[in-house]
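Shown next, in structure tokens, is the structure this report addresses.
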There are 2 protein chains.
Amino acid sequence: MQQETGRRSNRERSDETRERLIEAARRLFVDKSYAETGTPEIAREAGVTRGALYHHFADKQALFAAVVEREASTVADEIERHTTTSSTATIALIEGGEAYLKAMAAPGRTRLLLLDGPAVLGRSGMDEVDNRHGNRTLKQGLEAAIKARQIRDLPLDALTGLLGAAFDRAALAIDAGADAEPYRTALAGLIEGLVPTP
Amino acid sequence: MQQETGRRSNRERSDETRERLIEAARRLFVDKSYAETGTPEIAREAGVTRGALYHHFADKQALFAAVVEREASTVADEIERHTTTSSTATIALIEGGEAYLKAMAAPGRTRLLLLDGPAVLGRSGMDEVDNRHGNRTLKQGLEAAIKARQIRDLPLDALTGLLGAAFDRAALAIDAGADAEPYRTALAGLIEGLVPTP
DNA sequence: CTGTTGCATACATGCAGCCTGTATGTTATT
DNA sequence: AATAACATACAGGCTGCATGTATGCAACAG
């Protein structure tokens, strides 16, 4: 099974194996869902044996967690890259939302992060991932906007969760083939509704 | 295996068996999740054999679909019962939301309808269930409110989906042990924000 | 009206194939 | 030599199907 790759350090061996496992698992989890993907197929696709898989990950779920963790991190990076410090808080929120929807349009992301993720890791598990990567920026944006009196003073954590869920739902619908425009409009409407009426 | 239940019609036999299977499956799916519940255990708990299960349902997923269908129907009934035709559209929406949160507080409902449901049946599958039972009333409420100019004119289907997702997220958070009050406040804030500012 | 006959429905049982996780063996680093 | 990084083999369990059996039902004969 092992190729003629010459002499490599243990660290290099490990890293490459982990990498190949995560990449292969991601492909299959995206194509067929977590439940319908077996570890034999993952190992085959990665060019390794199941022994290697279970050497690096406690179980199939831990491998899935690694895939989700990386995906969430990538999404956060893409958002941060496409983000511009905008004038008003609401515009910043809307633009951040656009960036999120664009990032979530990458194939398989909605299934990994919004369907299988919560079911396999539990909502609490996904919340931890989200707080490390995802809606940390959303929460900070909302906090700043509230302090600047640009949106109404509502419970921060709850509002972050609700808006995040709305964005998630939009990403899911668009990924399922729905027209994106009505969702952008409705999201903008929800956010603009948070502006205080003096 | 068959008890001394006297002579029963075929219809009675079928109905009772299906009933017992659905009830047993619900208990186990709620306790341990869909993935970690096996058909042997379901059949045992229902006092039937796996043969009966596969006679009535095409596969494990079809049994799960039956459980979800019934649960969604029950939730819709409970909401309809606790609903009062209120004065303004926003108040009706907020009260409907309260009823929804109360109904979703029944043990296991969030797992069945909001975690395992979308993962096992797909978001499109759950959308069909929701449209038959769940947010049909939400959509009608929003439609009426828009036509009466009590809330802004936003794309109906998209807005229904986004608000529904926000309510779902609140139900999940509360079920996970979060304080309900901030979520109620934030939800009310979102809805009140939809009132047009002349 | 009753008893029998033939068929359909509602299950029960057994089997084949696959999958997960672990335990144990082997090879490459350090 | 010791340890990390794998490979291989195995045990237990689960799903779905195929086949066997009993019960209900409908029609017809007598």
Side-chain angles (χ1 to χ4, degrees), chain A residues 1-29 31-68 116 119-121, chain B residues 1-25 27-29 31-67 116 119-121:
Chain A
M1 204 85 211
Q2 194 70 355
Q3 305 284 1
E4 260 298 338
T5 346
R7 190 182 176 80
R8 291 178 305 169
S9 82
N10 261 350
R11 184 62 176 272
E12 285 170 331
R13 275 214 301 171
S14 273
D15 285 356
E16 185 182 332
T17 303
R18 279 182 62 95
E19 197 67 20
R20 298 174 67 152
L21 280 169
I22 291 180
E23 282 172 9
R26 202 211 101 102
R27 277 199 304 274
L28 292 166
F29 288 158
D31 279 0
K32 318 194 310 179
S33 87
Y34 173 80
E36 283 161 24
T37 302
T39 53
E41 195 177 359
I42 298 174
R44 212 179 309 133
E45 194 83 1
V48 206
T49 62
R50 289 181 59 247
L53 193 162
Y54 279 90
H55 175 73
H56 283 285
F57 300 94
D59 52 17
K60 188 183 159 190
Q61 184 174 324
L63 172 55
F64 179 75
V67 170
V68 164
D116 285 350
V120 175
L121 306 177
Chain B
M1 203 84 210
Q2 194 68 356
Q3 305 283 3
E4 258 303 333
T5 344
R7 193 181 175 79
R8 291 179 305 169
S9 82
N10 260 348
R11 183 61 176 272
E12 286 171 331
R13 277 214 299 170
S14 273
D15 285 355
E16 185 182 332
T17 305
R18 278 182 63 94
E19 198 65 22
R20 297 173 67 152
L21 280 168
I22 291 179
E23 280 172 10
R27 278 201 302 275
L28 292 165
F29 288 157
D31 279 1
K32 320 193 311 177
S33 86
Y34 173 80
E36 283 161 24
T37 302
T39 54
E41 194 176 1
I42 298 174
R44 212 180 308 136
E45 193 83 2
V48 208
T49 62
R50 289 180 62 247
L53 192 161
Y54 278 91
H55 175 73
H56 283 284
F57 301 95
D59 52 17
K60 187 183 159 190
Q61 184 174 323
L63 172 55
F64 179 75
V67 171
D116 284 350
V120 175
L121 307 176

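Letters A, B, ... are given to chains in the order of the sequence lines, protein chains preceding strands, and every chain is numbered from 1. What you see below is based on every heavy atom in this structure, not just the backbone, and it leaves out hydrogens, waters and symmetry mates. From a predicted model like this one, the values you see are computed outputs, not experimental measurements.
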Exercise for review: Find the distance Leu53(B):CG to dT13(C):P and express it as a whole number of Å.
Suggested key: 15 Å

Check your understanding: Should Ser14(A) be listed as having a side-chain N or O under 4.0 Å from OP1 or OP2 of dA4(D)?
Key -> no

**Study point:** Salt bridge flag under 4.0 Å for residues Asp31(B) and Arg27(B)
**Key:** no

Practice item. Could you tell me the separation between the CD1 atom of Ile42(B) and the P atom of dC14(D), rounded to a whole number of Å? Key: 11 Å

Study note, to complete from the structure: d(Ile22(A) CD1, Phe57(A) CZ) to nearest 0.5 Å is 4.5 Å

**Study point:** Separation of atom CZ in Arg11(A) from atom P in dA5(D), rounded to whole Å
**Key:** 10 Å

Review point. Expressed in angstrom and rounded to an integer, what is the separation of Leu63(B) atom CG from dT15(D) atom P?
Key: 11 Å

Review point. If every non-hydrogen atom of Ala58(A) is compared with every non-hydrogen atom of Ala62(A), which pair is closest and at what distance?
Key: N-CB, 3.9 Å

Expected rows: protein N/O vs nucleotides 18-21 of chain C N/O, under 3.5 Å:
from, atom 1, to, atom 2, distance (Å)
dT20(C), OP1, Thr39(A), N, 3.2
dT20(C), OP2, Thr39(A), N, 2.9
dT20(C), OP2, Thr39(A), OG1, 2.5
dG21(C), OP2, Tyr54(A), OH, 2.5
dG21(C), OP2, Lys60(A), N, 3.4
dG21(C), N7, Arg50(A), NH2, 2.5
dG21(C), O6, Arg50(A), NH1, 3.1

Point to revise | Nearest-angstrom distance from the residue atom NE2 of His55(A) to C1' of dA4(D) | key: 6 Å

Point to revise | Interatomic distance where CD belongs to Glu16(A) and P belongs to dA28(C) [whole Å] | key: 16 Å

Practice item. Rounded to the nearest 0.5 Å, what's the gap from NE2 on His56(B) to CG on Leu21(B)? Could you check? Key: 7.0 Å

Review point. Which of these passes salt bridge (Lys or Arg N to Asp or Glu O under 4.0 Å) with Asp15(A): Arg11(A), Arg13(A), Arg18(A)?
Key: Arg11(A)

Revision key, fill the gap. Against the side chain of Val48(A), the closest entry in dC6(D), dT30(C), dA10(C) is dC6(D)

**Study point:** Closest contact, heavy atoms only, Ile42(B) versus Ala24(B)
**Key:** O-CB, 3.9 Å

**Study point:** Atom pair distance, as rounded to whole Å: CD in Glu36(A) and P in dG16(D)
**Key:** 10 Å

Exercise for review: Using a cut-off of strictly less than 4.0 Å, decide whether Thr49(B) has a side-chain nitrogen or oxygen near OP1 or OP2 of dT13(C).
Suggested key: no

Exercise for review: Grab the two heavy atoms, one from Phe29(B) and one from Lys60(B), that are nearest each other, plus how far apart they are.
Suggested key: CE2-CE, 4.5 Å

Review point. Any side-chain N or O of His56(A) under 4.0 Å from OP1/OP2 of dC6(D)?
Key: yes

Practice item. State whether Glu16(A) and Arg20(A) are salt-bridged, where the test is any N-O pair (Lys NZ or Arg NE/NH1/NH2 against Asp/Glu carboxylate O) under 4.0 Å. Key: yes

**Study point:** Closest to side chain of Ala52(A), choosing from dA7(D), dC11(C), dA5(D)
**Key:** dA7(D)

Review point. Just by modelled atom types, is the Ser9(A) backbone N or O under 3.5 Å from a matching donor or acceptor in the Glu12(A) side chain?
Key: yes

Practice item. Mind calculating the distance between CZ (Arg8(A)) and P (dT29(C)) to the nearest angstrom? Key: 7 Å

For nucleotides 6-8 of chain C, tabulate all protein N/O to nucleotide N/O atom pairs closer than 3.5 Å, reporting atom names and distance.
none

